[in-house]
Novice: 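Sharing a structure here in structure tokens format.
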Amino acid sequence: MSTSTPRPPVSRDPAINEMVQIAADAAVPTVWDRYKAQHPQCKFGTQGVCCRLCHMGPCRITPKAKLGICGADADTIAARNLLREIAAGTAAHSDHGRTLVNTLKLVAHGKGGKYRIADSFRLREAAGLFGIDTAERDDLAIAGELADFFMAQFAWSEEANATLKLAPAKRQELWKKLGIEPRGVDSSVVEILHRTHMGVDHDYRHLIMGGLKCSLADGWVGSAIATVVSDILFGTPKPIRSKVNLGVLAADQVNIIVHGHEPTLSEMLAVAAHDEELVAYARSKGAAGINVAGICCTANEVLMRHGLPIAGNFLQQELAILTGAVEMMIIDVQCVMPSLAQVARCFHTKLVSTSEIAASVDAEQITFDVAEGYEHAVRLIRAAIDNFAHRDSGRVNIPQHAMELVAGFSNETIFHMLGGRFRSTFRPLNDAIIDGRIRGVCGIIGCSNPKVMADDGHVRLAEELIKRNVLVLETGCAAIACAKAGLLVPEAAIAKAGETLREVCEAVGIPPILHMGSCVDNSRILLAATNVLLEGGLGEDLSDLPVAGAAPEWMSEKAVAIGHYFVASGIYVVLGHPLYVEGSENVTKLLCEEMEGITGGRFEWEPDPVLAADKILAHIEKKRDALRINVKKERKLFDMKERRELQ
Ligand code: BF8
Ligand code: SF4
């Protein structure tokens, strides 16, 4: 191995920096090298004013050419491009949801192999919510009807999507008034592709409202369904301890990484890894055991329910293979870099793709069949064990960084924890917000991105917010970033929290930063906000709440969709870097200013975590003022005359 010049840090995480150096020494390019090679990045792309929606183009808007060949201006082009991102993000989350609904249906009809209804209570609760009869019916009958009901949410219907009724009544009314209630997930995505086709919808305002409508089909329909069906099939998460970062890979064990978003196969891998026969087989091949760890949101799913360790977030997928200690990486869908095959070629790692819609060059493709889920898992683990012999121990470099964490905070769990032993309720949280011990709540979500110092935006914003007594809810790669920095160790986070937040956390037994799951579980954040609202005392609509959302390092189209459904739900969202719309002043102004008068939510871009925290706090205090909960309730001292009058 040659030694290259020292690489400057690309992350606040030492495990990343060490591995980037090892990659450079081994002359294996990573995402940071390719990012550099792409410089300077195309201005037309970042400004959102490049259009290739028809073959008269491509067109670019410049000071000299203010219109595309068809006459589309910067507003139309930027809005259309943004809408297509929202549609892609919605499609990704929702198609994942649909796959889970299909599994639920197979289980209901006895074709689910070893998959079971893991949470009967959650099944019955969900069915009840949507008017499905649960009395004196067995779980499978209810599951079958619920699966059909959920499946019907994807197709076009004359009615608005039924799951929208999970939102507060006032919000539903507003969506209706604005004409942005989706009427089917698939049809919402199709509608976007239609209206952004050359020569259809040209008014940027009309387009953006259409984008919000599609995003609602993500947050309140497709993603919400994905979360609830995962809970029904695999169990509703409860607080669970585990470990995170590349140091969870074990030098003496067979390491298998699950990477992507769909937890179905990983669930079985988590179970099969404990199979005594397989463990014995691993030992017979000289390994001390079988170690299954995750990357990205598949990792979050199996962490939340099985406590499986997390090897890293999005930017660590190549680095995991570069440790030389991974026998197999099992990939499904979303956020899987095509470069994995290029890196795996330099090592013994076997790549296996398990989704019929996601092939990777050089990866073995298996056709995953739910009924055979467990058998697939066993076969894959055996193949990984067989691959252990091919590991070159001279090339094993596992950075010795692994951090403890606690995850598993579903709404149901928070509800029970806050209520204590006797009564499940959000009341203590509402009271703490009303009396100001907790100023408000912020969701920090989204990806990591080579454009910024990896993990730094997430960690610094989270630290800054808890210091200022804001409760933080996290999902996705943001949660993994904070976990690596030790912020999901409850005691450590409590020590970093502001005085009054600390008091509340200690009193009710929740940490100040709650890991709520994968990115589809952002639907849990929406429901947490709805629960707080329903508990009372903090207004009538989501836009009344002292809450905000932030995505400091986002990169994916899914994050674009999430940002929009938060804004459409009345929530203020701070992004670490802008959407690709700045080539249109009008679209930017609509999203970042005027939207507040329409949905009550709006976007803001702010790369600096401290300034982002300032802005989030300013928003929270503005909402608190409007709720009149910032009015100091001073003790009134009565004089004698007043006392007499009182009597
Ligand atoms: O869905 S946060 S990089 S892994 S897109 Fe992807 Fe972004 Fe990570 Fe989870 Ni979400
Ligand atoms: Fe150019 Fe209009 Fe075609 Fe877009 S749709 S490529 S702006 S001519």
Side-chain angles (χ1 to χ4, degrees), residues 31 44 48-62 65-81 84-85 88-90 92-97 195-202 218 222-223 226-227 258-263 294-301 303-304 310-317 331-337 443-451 454-455 457-458 474-483 515-523 525 550-563 575-576 583-584:
V31 63
F44 298 104
V49 291
C50 166
C51 182
R52 49 181 291 279
L53 292 182
C54 91
H55 287 247
M56 293 190 282
C59 303
R60 307 182 299 190
I61 302 305
T62 65
K66 289 194 164 54
L67 297 176
I69 295 165
C70 66
D73 60 11
D75 299 340
T76 305
I77 293 175
R80 284 196 305 212
N81 289 339
R84 287 192 165 210
E85 288 192 68
T90 301
H93 284 142
S94 302
D95 208 27
H96 161 181
R195 64 202 283 178
T196 58
H197 184 277
M198 189 271 156
V200 184
D201 198 359
H202 302 142
D218 179 356
S223 285
T227 294
V258 290
H259 171 23
H261 285 76
E262 282 176 6
I295 290 210
C296 284
C297 282
T298 295
N300 283 323
E301 300 276 2
L303 163 75
M304 296 280 283
I310 295 194
N313 53 5
F314 175 67
L315 288 178
Q316 286 175 288
Q317 52 188 291
I331 52 182
D332 53 82
V333 291
Q334 301 168 24
C335 305
V336 176
M337 289 192 201
I444 304 182
I445 65 133
C447 328
S448 43
N449 188 324
K451 285 182 174 169
D455 302 338
H458 295 131
E474 294 194 332
T475 59
C477 290
I480 301 176
C482 288
H515 185 345
M516 297 188 80
S518 66
C519 290
V520 291
D521 293 335
N522 285 319
S523 60
I525 297 184
E553 305 177 31
W554 70 279
M555 66 87 201
S556 78
E557 288 171 318
K558 290 180 285 170
V560 177
I562 295 165
L575 301 180
S584 160

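One-based numbering, in listed order, for ligands and for the atoms of each.
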Novice: For atom 2 (Fe) of ligand 2, report each protein N, O or S atom nearer than 2.8 Å, sorted by chain and then by residue number.
Specialist: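 Listed by chain and number: Cys70 SG.
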Novice: Would you please name every residue forming a side-chain hydrogen bond (donor to acceptor under 3.5 Å, both in side chains) with Ser518, sequence neighbours left out?
Specialist: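 Expected list: Glu301, Asp521.
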Novice: Does a side chain donor of either Asn522 or Ser223 reach within less than 3.5 Å of an acceptor in the other side chain?
Specialist: no
Novice: Given 3.5 Å as the limit, does a donor-acceptor pair link the side chain of Asn81 with the main chain of Gly48, or not?
Specialist: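 Present.
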Novice: Report yes if the side chains of Ile562 and His93 come closer than 4.5 Å at any heavy-atom pair, otherwise no.
Specialist: yes
Novice: Please answer whether the main-chain N or O of Ala454 pairs with a side-chain N or O of Ser448 as donor and acceptor at a distance below 3.5 Å.
Specialist: no
Novice: Is it the case that His259 and Gln317 place a side-chain donor and acceptor less than 3.5 Å from each other?
Specialist: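 Yes, a side-chain donor-acceptor pair sits under 3.5 Å.
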Novice: Does Glu553 reach the side chain of Cys447, with side-chain heavy atoms less than 4.5 Å apart?
Specialist: no
Novice: Answer with yes or no whether Arg60 contacts ligand 2, where contact means a heavy atom under 4.0 Å from a ligand atom.
Specialist: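 Judged by the 4.0 Å heavy-atom criterion, Arg60 does not count as contacting ligand 2.
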Novice: Counting only heavy atoms, tell me which of His197, His202, Arg80, His55 gets closest to atom 5 (S) of ligand 2.
Specialist: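 It is Arg80 that holds the nearest heavy atom.
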Novice: Would you say the side-chain atoms of His261 pair up with the backbone N or O of Thr298, donor to acceptor, closer than 3.5 Å?
Specialist: no
Novice: Arg84: which residues meet the salt bridge (Lys or Arg N to Asp or Glu O under 4.0 Å) condition with it, sequence neighbours left out?
Specialist: none
Novice: Quick one: does Thr76's side chain have a donor or acceptor within less than 3.5 Å of a partner on Ala72's backbone?
Specialist: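 It does not hold such a pair.
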Novice: Ligand 1: which residues have a non-hydrogen atom closer than 4.0 Å?
Specialist: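 Ligand 1 pocket, heavy atoms under 4.0 Å: His261, Cys296, Cys297, Phe314, Cys335, Gly446, Cys447, Cys477, Cys519, Met555, Ser556, Lys558.
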